[in-house]
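Below is one structure, written out as structure tokens; comments come after it.
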Amino acid sequence: MAYDGIVISSIIHEIKEQCLGGRVVKVQQPGNDTITLTVKGFKGQTKIYLSVNNSLPIVYIADTLPQAPMQAPAFCMLLRKHLGNGRLVDILQPGFDRIFDFVFEHLDEMGDLSQRHLIVEIMGRQSNIILTDSDYMITDCLRRVMPDLGSNDVDEKKLRILFPGQKYESPDSQDKINPVEINTVSEKNSFDRDSYEKYLVSKTMPIPKAIFTSITGFSKSTAEYLVDKAGIDGRKAFSDLSAEEKDRMFDILKMVIDKIKAGDYSPEYIYSDGIKKDYVAISDFSTDTDDKMDSEAGNESGTTSEISMSELLIDFYNNKEKQINVKSKSSDMRKVLQTAVERASRKYDLQLSQLKDTEDRDKYRIYGELLNTYGYNLKGGEDSLTCINYYDNQEITIPLEKDLTAQENSQKYFAKYNKKKRTFEALTGFVKQTKEELDYLLSAKHSLDMAETDADIAEIRSELERAGIIKKKSNSKGARKQVAGKPLHFISSAGYDIFVGKNNIQNEELTFGLATGRDIWFHAKQMPGSHVIVKVKEDDKEMNDIPDSVFEEAASLAAFYSSGNNAKIDTGSSSKSDSKSISKLETKIEIDYTERKNLKKPPQAKPGYVIYHTNYSMVAAPSREGVKQVEE
């Protein structure tokens, strides 16, 4: 779910609970687009993180704050002057938009009590932090915005000047419904049945679009989530719904809005195949009256979500940041691998094309043999010879060069046959070698997609250095001992340990180190992917003793961690499996499985490469459902 008006209202609710009435004891600016506030209230000190970074503008209550520079920037000094030791008296959300309006009481230079507003706009690339006085006259901004004087075609409604001395104006609400209060300007009420019928049901667009274009604070992903929760096809328009479906959609929207007004938030992750894919600020709602009463009773008894919105955001975006950092650290390897894969693919295609040209080589041998057999009938000057092919007893016509004798034509065909035969014999080995090289490069590229820690990246880099694909980095002081990465560990629904390798080195260690002869090995058929090992139990005398669910779950993991998975692999750690899935993968992948004792590693083969001649096969959809990941 996007960081929309609902999430912001949840964050405002948390900050108010912890530090409303507290005093600002510290203001810092650790980055060009980041401000941090430390507020001391009745519950102790609360750290508030404000960021207007273009890629991730966000506000939340932080556990720790980044290190600030020794010399504070000018905007930070201004905030210290006007907010230092000030009291936080309120936090507003104008128009239920993506805006924080922190209201502080502070003594001015004359010793009089005055108000200051610290406004944080979460607007993507236009995000900003603005300091104003009590009348919303701008004192200064983190990013000053002036009109383009050279442009004659400017939409005055959308043009906002954010500059000291100017009056602050909130962004245009685009005439949307404010779901939590009355908007007397547009005569739209806080959300009720009349506004639902007038502004949503009347629209002919898909239902999610009708929702997020009509109600302020509802993002596209929020609208899609709520429509899905109502059990309605998001591709439909309101005109396509039955009366019962329209009522159900209204009940869902009304319940969410009522919970926002009551400050009843229930932050929760959205899982897909056991992986944290998104989040919601309100997850506890139902259109059924009895369920509503049960939910309210549960909230009163303290059974609401155990994680706060801020804690959820920290965890969620920390995982995202780790993934970004891993990708950044492996960018050089990705570039080298991509180039190597493209080169090997072109080479492989060329060799296959040349090999295809040799498929007709036996035809020229037969021409030569038949000319030696029937050539005595030729008188000279003929352009062809028609005779019986004694290999299939069919009539055949052999093209001839008029200037050559039958013997010379025969020699010409034998020479052509021998040339194609030599090419075929040479290319057969080359094609096999190139295919193995291409498969290895693709498996290394797949391993990079699965890497989630620095240790994983270091393992892949070491492997590629040994293979000569990338140059080894010199270190005059000596390299530190490499920390080995760990494979993924899952517990099946039947209690079996399942291990998944994240790269070729881990695959080899799993298969030929951790696994015993009776353990079951899984792998996607004829495509790069992870080795998956199921550890059998002592009571399992043969494969038939293992529950079918174990095979199904292990095969699904092998499909999920293969290049055949049509969704981007995300190894973000998670311990949940009863996921609120965003989408279901429909791809089916053929999986080979066999006992570990049936695997062999050819001499001098690259890491992770195995051969086998005894195996079973099954088809599985890429999924992590049914298994629980073990954090190690």
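Just so we're clear, the structure is a prediction, and the values are computed from it rather than from any experiment.
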In this structure, CD1 of Ile498 is separated from NZ of Lys628 (nearest 0.5 Å) by 14.0 Å
Interatomic distance, OH@Tyr3 vs CG@Leu313, rounded to 0.5 Å, equals 6.0 Å
Between the NE2 atom in His446 and the CG atom in Asn504, the distance rounded to the nearest 0.5 Å is 9.5 Å
Sorted by chain and residue number, the salt bridge (charged side-chain N to carboxylate O under 4.0 Å, His left out) partners of Arg334 (sequence neighbours excluded) come out as Asp449
- For Glu244 and Arg248, run salt bridge (Lys or Arg N to Asp or Glu O under 4.0 Å): C-alpha distance rounded to whole Å, both residues' side-chain angles, the deciding distance at 0.1 Å, then the answer. CA-CA 6 Å; Glu244 189 272 334; Arg248 194 161 69 240; 2.6 Å; yes
Correct closest heavy-atom pair for Ile252 and Ala230 would be CG1-CB, 4.0 Å
Counting neighbours of NZ on Lys421 that are heavy atoms of other residues, nucleotides or ligands and sit closer than 6.0 Å, is the number greater than 12? no
- Does the pair Asp360/Lys420 count as a salt bridge with the N-to-O cut at 4.0 Å? yes
Do you see a donor-acceptor pair shorter than 3.5 Å between the side chains of Asp519 and Thr516? yes
Original post:
What is the ring orientation for Phe490 with Tyr561, classed by angle as parallel under 30°, tilted 30 to 60°, or perpendicular over 60°?
Top reply: tilted
Please indicate whether Lys537 has more than 12 foreign heavy atoms, meaning atoms of other residues, nucleotides or ligands, lying under 6.0 Å from its NZ. yes
Residue pairs meeting ring-ring contact (aromatic ring centres under 6.0 Å, His included), one or both in residues 233-254, sequence neighbours left out, come to Phe191-Phe250, Tyr196-Phe238, Tyr196-Phe250
### Task
Walk me through it: do Phe512 and Val610 pass the test side-chain contact (heavy atoms from CB on, under 4.5 Å)?
CA-CA 10 Å; Phe512 297 105; Val610 298; 3.5 Å; yes
Take atom CD in Gln526; do more than 12 heavy atoms of anything else shown fall under 6.0 Å from it? no
Distance col, row Phe430:CZ vs Lys347:NZ, nearest 0.5 angstrom, shows 8.0 Å
Nearest heavy-atom contact between Lys606 and Glu508 is O-OE1, 4.1 Å
So side chain to side chain donor-acceptor pair (under 3.5 Å) across residues 349-359, not counting sequence neighbours, yields Gln351-Thr434
- Task: Could you tell me whether the side chains of Ser443 and Tyr609 share a donor-acceptor contact shorter than 3.5 Å?
- Result: no
**Message:** Whether the Arg343 and Thr339 side chains hold a donor-acceptor pair (N or O, under 3.5 Å, no angle test) is what I'd like checked.
**Reply:** no
Exercise. Indicate the ring-plane relationship of Tyr265 and His13, choosing parallel, tilted or perpendicular according to the 30° and 60° boundaries.
Key: tilted
Taken to the nearest 0.5 Å, the spacing of Tyr496 OH from Phe551 CZ works out to 8.5 Å
